[in-house]
Each structure stands twice: as C-alpha cells, then as structure tokens.
Amino acid sequence: MLTIRLSGHEHFYPLCDVARLFTGVIPKVVDNVICVDVEYPALIESRLENGTVSTHVVEGFPDLPASFRDISSQEDLPSSRECKRQLYILLSRALGKSFPWGALTGIRPTQVAREVEKEEDLTRIYQVREDKAHLAFLTMKEEDAVLEKTDPDSLHVYIGIPFCPTRCAYCSFVAHEAPQKTSLLPSYVDAMLREMELVLPKIGKPIETLYIGGGTPTVLDEVLFEKFIKGVFSHDAFSSLKELTVEAGRPDTITKRKLEILRNVGITRICINPQTLSDATLLRVGRKHTAEDYLRCFEMAVEMGFSVINTDLIAGLPGEGSEEFCDSLSRIVALAPANITVHSLSKKRRSDLTREDVLRQEEEELLKMEKMLSFSFSTLREAGYVPYYLYKQKDTIGGHENVGYCRPGTECIYNVAMMSDQRSVLSFGAGGMSKRVFLEEGNVRVERCSCIKDPIQYIREVEKMAEKKVSFFQ
Ligand code: SF4
C-alpha cells in the first residue's frame with residue numbers, strides 16, 4: 001500500500017490525481033490519508049507549514065537516494081499546485097517514470113500556459129515535456145485569437161441530446177441507447193423546447209454561438225428532428241448567431257433529409273465522426289456503422305454545401321495498432337475536412353471497456369500512443385492544420401490530450417469558449433452544465449449550475465430546471 005499523509009492542508013484531490021496517474025489505481029481517502037492499493041509499501045508526507053510546502057518519503061522506496069527523498073524548495077504557486085508538483089517530482093524519482101504533461105493533471109493545460117512566460121517555464125516548473133509545452137503554447141495562441149473574436153460578456157449555448165443508436169464500448173458520457181428509449185424521445189424534445197421557451201426570453205445577454213451535441217442529436221427520426229430544429233430556430237435569441245454547429249456524430253444516423261433540415265435553417269458546420277476507418281475496430285467497439293458509411297455521409301455533406309465538417313478520431317482504440325490509426329488519419333486528411341479532432345482514448349471507469357478500479361497501462365500501449373500522437377501532430381501540421389483547442393481528460397493512456405486541429409479560419413468558437421473557461425455557457429437538456437464566467441481584473445471566476453442527468457426526471461422537472469437557470473443567470 002502507498003499512503004500519502006497530509007499535514008497542514010487538505011489538498012486531497014490534486015494529490016489523488018498524481019497518485020492515480022503514476023499507479024493507474026484509483027486512490028481512496030481514509031481518515032485523512034490517501035491510500036493507493038499497490039504492491040509496494042511506502043509512506044509519503046505532504047506538509048504545509050507557515051506557508052511553505054514540503055514533501056518527503058517517511059518509509060519505503062529503499063533504493064531512492066537520501067538526497068531524492070525530500071523536496072522543500074518551492075515555486076511561487078498556490079499551495080494546492082505546489083503540493084501536486086512536489087508529489088509528481090517525488091513519485092517520478094521513486095518510480096522512475098515520467099509523463100508527457102508532467103504535473104499538469106488538470107483539464108486545461110493552456111490555462112497554465114497563460115500564467116507562465118515561456119514554454120521552458122512549463123518544463124522547468126511542471127516537468128512538462130518540451131513537445132507538449134510547445135503544443136500548449138501554440139494552442140493557447142490560437143485559442144486567444146478565437147476568444148478575441150467574441151464579446152467577453154457573450155453567452156454560448158449548448159443543447160444536449162444524450163441518446164445514441166448504440167453505446168460505444170469506450171463511452172463514459174451519460175448516453176442512453178435510443179432504441180430502448182424510443183417512446184421517450186418525443187417527450188424529451190418537448191421538454192427541451194419548453195425549457196428554451198421559459199429561459200431564453202429572460203436571458204439578457206447576446207448569444208454568439210449555438211452547439212447542438214449529445215449523444216447524437218441525429219438519432220431522432222426525421223419527423224422529430226425537423227420539429228426539434230424548427231423549434232430551436234423559432235427563438236429570436238438565435239437570430240444573430242456568429243456560429244451554429246450540429247454534431248451529426250454517428251454516420252448510422254445521418255440521412256439526406258436530416259442534412260436538408262439543417263441546411264434549411266442555415267447550418268453549415270457539422271461533425272461526422274467515424275473515430276477510426278477500420279471496420280474491424282468499429283465492430284469491436286460497438287459502433288454499428290462502417291468506414292464506407294462515414295465516407296458516404298461525408299461526401300453527401302460536402303455536396304450539400306456544408307462548408308465546415310469536423311471529423312473526430314480516437315488514438316488508442318482497443319485492438320488497434322499505430323498502423324490502423326495512422327492509416328485512418330491519412331485517409332481523413334486526404335478528404336481535407338476543415339476540422340480534425342484527435343482524442344486520446346480515456347479508460348474511463350463508467351465505460352464498458354473499464355469496469356474495474358485498476359486502469360494500469362502497459363509500456364507497449366504507451367509507446368504506441370506516443371507514435372500515434374506524434375504522427376498526428378506532424379501530419380496535420382504539414383497538411384496546414386493548426387491546433388486551436390486542447391483539453392485533457394482523466395485516465396487517458398499516458399495522460400495524453402485531446403486536440404482540435406483546424407484549417408486557419410475554420411475554428412469552432414464554441415469549442416474554445418467552452419473549453420477555455422473564459423466565456424459563459426447556457427446549457428439545455430438533461431445532464432447539461434451551465435457556467436457563468438466572471439472576468440475580474442485578470443482573474444477568472446467560474447460558477448456552475450448543473451442539470452438533472454436522468455432524462456425521465458428531466459422531463460418531469462423541466463420547469464424547475466428552467467427556473468434554476470433563469471435565477472443562475474440573473
Ligand atoms: S457516439 Fe459518443 S456519446 Fe454516443 S455512445 Fe458513442 S462515445 Fe458515447
């Protein structure tokens with residue numbers, strides 16, 4: 001058992017994140033001590049005393065030289081970050097491991113890039129590998145350029161339809177399989193439209209972007225889809241948007257009629273996501289479509305005039321080698337979509353892939369991931385794409401990132417507004433998270449307002465949810 005004793009502070013979560021990254025085991029907090037179920041016994045103390053953080057090995061790691069067992073020199077950082085940074089360095093020395101993003105285990109590395117002066121600072125302070133520090137800076141500059149195009153006081157709207165035709169094996173979202181809930185879909189659409197009707201007239205902020213995501217919004221049948229899209233666009237609040245995006249997502253839900261419905265209300269930006277162009281992998285992860293289905297939908301959307309198409313790929317899908325991933329990416333690049341988003345597989349506990357508490361990663365898996373992501377970066381940069389938004393999820397293989405690449409000028413503003421935590425977001429639908437961002441003299445303060453996740457309960461309590469949102473934004 002590895003135990004981490006905290007003294008003079010309660011920064012459990014950041015320290016659990018670091019322990020989880022190194023061990024692949026989800027730590028437990030018992031009587032104010034972090035316990036990690038690993039085969040080696042060790043005790044580490046993380047102490048905050050008179051404003052000074054120190055970390056040292058109390059017991060265990062017999063081979064670790066004495067000069068490596070204590071860290072007391074600290075950077076000028078908030079204590080929670082300093083505790084995390086020191087634990088990262090100590091475990092890195094003790095276990096002989098390092099990770100590409102170093103001590104940056106949070107969701108938004110570009111936020112930290114904004115706080116330091118240069119790439120080297122990310123490496124020196126947080127042990128971020130040079131290529132990732134470069135990626136963070138490059139992306140941060142693109143993010144800032146996108147944010148410049150938006151009013152700091154603007155609002156960005158998300159509408160979520162948490163249903164999919166089948167559940168992908170790696171999915172950790174609150175996605176419900178639509179075929180089992182068909183009878184629920186009309187009431188769910190009605191509830192969302194009702195929520196918008198109650199909330200939108202009372203929000204006195206300019207809405208700049210609208211993103212309809214999921215799940216898979218195109219899982220609705222054509223009649224219901226038309227009712228939903230027409231209902232959404234009947235609101236004056238959406239009459240002067242800078243950008244509208246619909247996640248058409250799964251190719252097995254896209255029809256010519258649904259694309260016509262989108263085009264008729266002026267939507268030119270959609271996502272069509274194969275995740276891989278290997279049919280064997282698609283079958284393995286439970287996506288009931290083929291690479292050919294994706295190619296057909298992509299071609300149809302281009303012919304119909306959708307000018308910005310995003311395509312998602314996932315590196316690290318089960319059973320895939322780097323050859324399959326690189327082949328998928330090369331074939332997608334040849335199609336020249338405006339946006340390509342490369343995700344690193346996250347071994348989320350709630351997914352069908354990962355049911356246990358142990359998320360260990362094999363050396364071979366880590367090397368494969370490195371190869372796939374560096375191929376993505378070099379291939380996409382050579383093809384003229386720039387990384388314009390970036391975020392990390394917990395439990396990705398090797399602690400890697402998800403990156404949105406785009407052809408210059410085709411960035412999705414909503415993605416940047418949402419992921420940068422620099423703009424307010426109003427969410428509709430079950431499980432949506434609204435947030436208010438307060439930009440105060442260089443400081444960013446974010447308040448969040450969650451919505452009921454269960455669609456049945458959401459339908460029942462939609463009026464209550466609407467009231468909650470209205471008062472949240474007042
Ligand atoms: S399409 Fe996306 S949201 Fe739906 S099941 Fe697959 S991963 Fe989950």
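When reading the values below, keep in mind they use all heavy atoms of this one structure, side chains included, and skip hydrogens, waters and symmetry mates. On a predicted model such as this, the values are computed, not experimentally measured, just so you know. Count residues from 1 along the sequence. As the structure lists them, so they are numbered: ligands from 1, and atoms in each ligand from 1.
Heavy atoms of Gly249 come nearer than 4.0 angstrom to ligand 1 in no pair at all. Put simply, part of Arg287 is less than 4.0 Å from ligand 1, judged by heavy atoms.
The atoms of ligand 1 that sit less than 4.0 Å from any heavy atom of Arg250 are 1 (S), 6 (Fe). Atom numbering of ligand 1 starts at 1 in the shown order; those under 4.0 Å from a heavy atom of Gly215 are 3 (S). Atom numbering of ligand 1 starts at 1 in the shown order; those under 4.0 Å from a heavy atom of Arg167 are 5 (S). Close approach to Thr166 involves these atoms of ligand 1, each under 4.0 Å from a residue heavy atom: 5 (S). For ligand 1, the atoms closer than 4.0 angstrom to any heavy atom of Tyr170 are 7 (S).
Salt-bridge check for Arg263 with Glu260: failed, with every basic side-chain N at 4.0 Å or more from each acidic carboxylate O. Between Glu226 and Arg257 there is a salt bridge, since at least one side-chain N of the basic residue sits less than 4.0 Å from a carboxylate O of the acidic one.
Evaluation of the ring-ring contact (aromatic ring centres under 6.0 Å, His included) test over residues 449-474, restricted to residues two or more places apart or in two chains, returns Tyr188-Tyr458.
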Practice task
Output, in order, the C-alpha distance, side-chain angles, deciding distance and verdict of salt bridge (Lys or Arg N to Asp or Glu O under 4.0 Å) for Arg81 and Glu115.
Solution key: CA-CA 13 Å; Arg81 265 218 222 151; Glu115 294 167 18; 2.9 Å; yes
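Residues that satisfy the side chain to side chain donor-acceptor pair (under 3.5 Å) test with Arg287, not counting sequence neighbours, are Tyr170, His289.
Distances from atom 4 (Fe) of ligand 1 show that Cys164 has an N/O/S atom below 2.8 Å. Among the backbone and side-chain atoms of Cys171, none of the N, O or S atoms lies under 2.8 Å from atom 6 (Fe) of ligand 1.
The two residues Ile452 and Glu461 have their closest heavy-atom pair at CD1-OE1, 3.6 Å.
With hydrogens and angles left out, the side-chain atoms of Arg129 and Ser98 include no donor and acceptor closer than 3.5 Å.
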